[in-house]
Participant: 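A single structure is presented below for examination.
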Amino acid sequence: MSKFLKGTIILLVAGLITRMLGFLNRILIARLIGEEGVGLYMMAYPTFSLVVTLTQVGLPVAISKRVAEADAKGDSAKVKKILVVSLMTTLTLSLIFTPVLFFGAPILAKTVFTDARIIYPILAISPVIPIIAVSSVIAGYFQGKQNMKPSAYSLLIEQTVRIIFIMILTRIFLPYGIEYAASAVMIATVIGELISLLYLLTMFKIRKAFPLRKNFFKSLSKTKVIFKELMSIGIPTTGSRMIGSVSWFLEPIVVTQALAIAGVSAMMATKQYGALTGFAMPLLLLPSFVTVALSTSLVPAISEAHSLKQYATVEKRIQQALKFCVLTGALPVIILLVLAGPLMEMLYNSLSGAFFIKLIAPFILLQYLQSPLQSALQALDLARAAMINSLIGAVVKLTIIFTLASNPSFGINGVAIGIVVGFVLVTLLHYATILKVIPLTFYAGYYAKILITTVLTGFAGKYLYPIFAVQLPLLFAIFTTVIVMCGIYFLFLLFLKVINKGDIQKAVSLISPNRK
């Protein structure tokens, strides 16, 4: 089996476990430091995330692509230059932004945030920036070599260490005040990232094919072309992320203003927007660990084939990603459609988000497809086009949200429609951009079989849940329905020959500890 599929399976398993650990992490934080502490933590986190984005300047993706290209040609000298340039770039930026964040924390606390206590979590998290700068370069190197295990294991290590130290440090710091408890969560993040980096450095020392420290600074000579190659991907990638961050920042502002025009009170607007983005969207985006795995594996796989002008392989990799994304995404979508109300009641003791799930779920598959398509564009040296597509989608989304949400006939439903139009438009634009350089065959028969399987699974779930709900408590009724729907979905896939026993055996062999 190809390195692409092996890497994807490894990242899928690690992504699922990491997602579960992340969910446990959020529960722990909420229970240990309460709503007020979570509020301080969440106020500081976007600032930290923005600084990390600026420090990385899209280099993890750029490194993955350029290393894959150089490795395909056996050019280990260029691989070393890519690493040296990337390390110097990220470390230089981290040496700039870390002091800015550290010494700027008091100014941010007084001018930007409404709670001056935010200074403590910001100060606590600032040392992690150079750590992440180095780890992102090493992870990008391994991804470029299409060795996904170090990246996957590092994520698991980081989450596990973070959880352990959250439990220890929050209990120590909580008696001193909630702001110190929130800072303890940030310190736990720093420790988790540091241990993860030590693991990556150890793996790099074991696996690298060249001495990195030897003639390190001499390797910086004649690297202007390499720097430009990295930035040709890194800057547009950063631009796309910045567009997403700015759009995320503006969205609640536009929503509240539009709903105010529609006559909705501020309290009701907050409640409705919370039901949409706090209840419905997290559930709808739960399967996104699949798209993350695919996206990470796609960049080096396509870059390698594209550098060797193996265009048939490029199309094959894109088709594999799209098919796998639809195959794994259709099941959670139909489960959410059928069990929207019961899931809302079980998780949040509220039905207010159920309508939004039913409205958005039929289109959410296109959101799942967006990330792999964007990675394919980056691998094809079309990162700038991906950034422009994201910008168009963000502008259209915010325009539709304001136009519809300010109309009393739509209200908060207009926000949901705007979100749907935004991600559908970006996905279609990404797909159309790829078609300009790589002709993609549309496998109507394959997708028709998945559609039939999904519809039949949905009908079965819709019929069976009321029966289970009468006989079982809510949790067990939902769990039983989900298990039965998964079984039906899997059996129909086998019956319609969408998958076969060979595919199952290959997948099992990839995650078996005894595989060769």
Participant: For the residue pair Leu298 and Ala379, what are the closest heavy atoms and their distance?
Facilitator: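 Scanning both residues completely, I find the closest heavy atoms to be O-CB, 4.5 Å.
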Participant: Could you pull out all residues at least two apart from Gln56 that satisfy side-chain hydrogen bond (donor to acceptor under 3.5 Å, both in side chains)?
Facilitator: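 In terms of side-chain hydrogen bond (donor to acceptor under 3.5 Å, both in side chains), with neighbours along the sequence ignored, Gln56 is linked to no residue.
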Participant: Can you list everything that forms a salt bridge (charged side-chain N to carboxylate O under 4.0 Å, His left out) with Glu229? Sequence neighbours excluded, please.
Facilitator: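 Partners of Glu229 by the salt bridge (charged side-chain N to carboxylate O under 4.0 Å, His left out) criterion, ordered by chain and then number, come out as Lys78.
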Participant: Excluding sequence neighbours, so at least two apart, what forms side-chain hydrogen bond (donor to acceptor under 3.5 Å, both in side chains) with Thr89?
Facilitator: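 Once residues adjacent in sequence are excluded, Thr89 has no partner under the side-chain hydrogen bond (donor to acceptor under 3.5 Å, both in side chains) criterion.
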Participant: Does the pair Asn389 and Leu377 meet the rule for a side-chain contact (heavy atoms from CB on, under 4.5 Å), with working shown?
Facilitator: CA-CA 11 Å; Asn389 293 344; Leu377 287 171; 4.3 Å; yes
Participant: Could you pull out all residues at least two apart from Phe102 that satisfy ring pair (Phe, Tyr, Trp, His ring centres under 6.0 Å)?
Facilitator: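 Ring pair (Phe, Tyr, Trp, His ring centres under 6.0 Å) check on Phe102 returns nothing, list empty.
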Participant: Examine distances only and state if a side-chain atom of Gln370 and a backbone atom of Val426 form a donor-acceptor pair shorter than 3.5 Å.
Facilitator: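 Flag not set: sc Gln370 to bb Val426 has no pair under 3.5 Å.
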Participant: How about OH on Tyr120, more than 12 heavy atoms from neighbouring residues, nucleotides or ligands closer than 6.0 Å, or not?
Facilitator: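 Count not over threshold, so no.
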Participant: Go through the structure and list residues passing side chain to side chain contact (heavy atoms under 4.5 Å, CB included) with Leu493, not counting sequence neighbours.
Facilitator: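 Per chain and number, Leu493 pairs via side chain to side chain contact (heavy atoms under 4.5 Å, CB included) with Leu327, Thr453, Tyr489, Val498, Ile499.
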Participant: side-chain hydrogen bond (donor to acceptor under 3.5 Å, both in side chains) with Ser232: which residues, sequence neighbours excluded?
Facilitator: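 side-chain hydrogen bond (donor to acceptor under 3.5 Å, both in side chains) list for Ser232, sorted by chain: Arg66.
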Participant: How far apart are the closest heavy atoms of Pro127 and Ala124, and which atoms are they?
Facilitator: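 Minimum heavy-atom contact is CD-O, 3.3 Å.
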Participant: State, yes or no, whether a side-chain contact exists between Leu201 and Lys205 at a heavy-atom distance under 4.5 Å.
Facilitator: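 Sidechains of Lys205 and Leu201: no contact.
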Participant: Answer yes if the side chains of Gln159 and Arg162 hold a donor-acceptor pair under 3.5 Å, and no otherwise.
Facilitator: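 No, no side-chain donor-acceptor contact under 3.5 Å.
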Participant: Where does the angle between the aromatic ring planes of Phe442 and Tyr447 fall among parallel (under 30°), tilted (30 to 60°) and perpendicular (over 60°)?
Facilitator: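 Ring orientation, 0 to 90° scale: parallel.
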